Amino acid sequence: MTESRSGAPERDPESVSRFVEHFAAQLVEAGMPRMPSRVFAALLASDDGALTSAELGEQLRISPAAVSGAVRYLAQVHMVSREREPGSRRERYRVHSDQWYEALTNREAIIKRWEDALREGVAGLGADTPAGRRLAETLDFFEFIERDVAEMMERWRAYRERKYTD
């Protein structure tokens, strides 16, 4: 890696592109849509964690409409935020250091709704029926995971505080 005139290390655009596409492929494999995965990986790989729509379009070779749709999805799942450039009408899209926490917290709200629906299902189908028992076991699984995730997130906040704050 060489240094730029500002003294900051210059990055190989080819290496950045390989990372973006590889990480995006991993996100797609985990169930995330392809274009939001690519946009998220590009933001994650940018030095300041923020890019404009034009920068994303140029880097990823995608249309403004594709960027817009991807950012809309990422904002809905709390993985990026929009911000105005000072003195400009252009928006920048930013990934934050706590994006994984936010995304997981958002998933936790979804799991709560699933738990409520499962409770209703157990009550409606009858806890002693095969289907009711299957739903009850699924409910127990989600409640078990939820407890562990809450404890894990507390441990993460403490760890992050120790490691990443001055």
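Worth saying up front: this structure is predicted, and the values here are computed from it rather than measured.
- Ionic pairing of E55 and R90 is not present here: no N-O contact between side-chain nitrogen and carboxylate oxygen is shorter than 4.0 angstrom.
- R92 places a side-chain heavy atom less than 4.5 Å from the side chain of D48.
- Distance check, rounded to the nearest 0.5 Å: CZ of R38 to CZ of R61 gives 9.0 Å.
- In this structure the side chain of D140 never reaches within 4.5 angstrom of the side chain of F144, judged on heavy atoms.
- If you take OG on S46 and CZ on R11, they are separated by 7.0 Å, rounding to the nearest 0.5 Å.
- The two atoms that bring V71 and V80 nearest to each other are O-CG2, 4.1 Å, heavy atoms only.
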Please lay out, stage by stage, how L135 and L139 fare under the test side chain to side chain contact (heavy atoms under 4.5 Å, CB included). CA-CA 6 Å; L135 292 182; L139 174 59; over 6 Å; no
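- Shown here for V95 and M79, the closest heavy-atom pair between the two residues is CG2-O, 3.7 Å.
- Linking ILVMFWY side-chain heavy atoms closer than 4.5 Å, directly or via other members, places V77 and V39 in a single hydrophobic cluster.
- Summarising the geometry, atom CD belonging to E137 is positioned 9.5 Å from atom CZ belonging to R134; distances are rounded to the nearest 0.5 Å.
- Distance check: E151 CD to R147 CZ gives 8.5 Å after rounding to the nearest 0.5 Å.
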Evaluate the criterion side chain to side chain contact (heavy atoms under 4.5 Å, CB included) for residue pair V67 and E58; output intermediate values, then yes/no. CA-CA 10 Å; V67 171; E58 182 181 326; over 6 Å; no
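- Between the side chains of S37 and R34, not a single donor N or O lies within less than 3.5 Å of an accepting N or O.
- Classification of D116 and R113 as a salt-bridged pair fails, no side-chain N sitting under 4.0 Å from a carboxylate O.
- For the pair Y73 and M35, the minimum side-chain heavy-atom distance is 4.5 Å or more.
- Between A45 and V16 the shortest heavy-atom distance is CB-CG1, 4.3 Å.
- Crowding of E21 atom CD: a count of heavy atoms from other residues, nucleotides or ligands under 6.0 Å exceeding 12.
- Minimum heavy-atom separation, A24 to A41: N-CB, 4.2 Å.
- Ring planes of W156 and Y164: tilted class, angle from 30 to 60°.
- Rounded to the nearest 0.5 Å, atoms OG1 (T52) and CD (E91) are 10.5 Å apart.
- Proximity of Q59 to V20: side-chain heavy atoms (C-beta onward) are separated by under 4.5 Å at one or more points.
- Connection of L27 to F19 is established within a shared hydrophobic cluster, with ILVMFWY side chains joined at heavy-atom distances below 4.5 Å, either directly or through further cluster members.
- Annotation for R82: atom CZ counts as buried by contact number, over 12 foreign heavy atoms lying within 6.0 Å.
- By the neighbour-count criterion of 12 heavy atoms within 6.0 Å, atom CZ of F142 is densely surrounded, having more than that number from other residues, nucleotides or ligands.
- T165 OG1 to R160 CZ: the interatomic distance, rounded to the nearest 0.5 Å, is 9.0 Å.
- I62 and F23 fall within the same hydrophobic cluster, defined by Ile, Leu, Val, Met, Phe, Trp and Tyr side-chain heavy atoms under 4.5 Å apart, directly or through other members.
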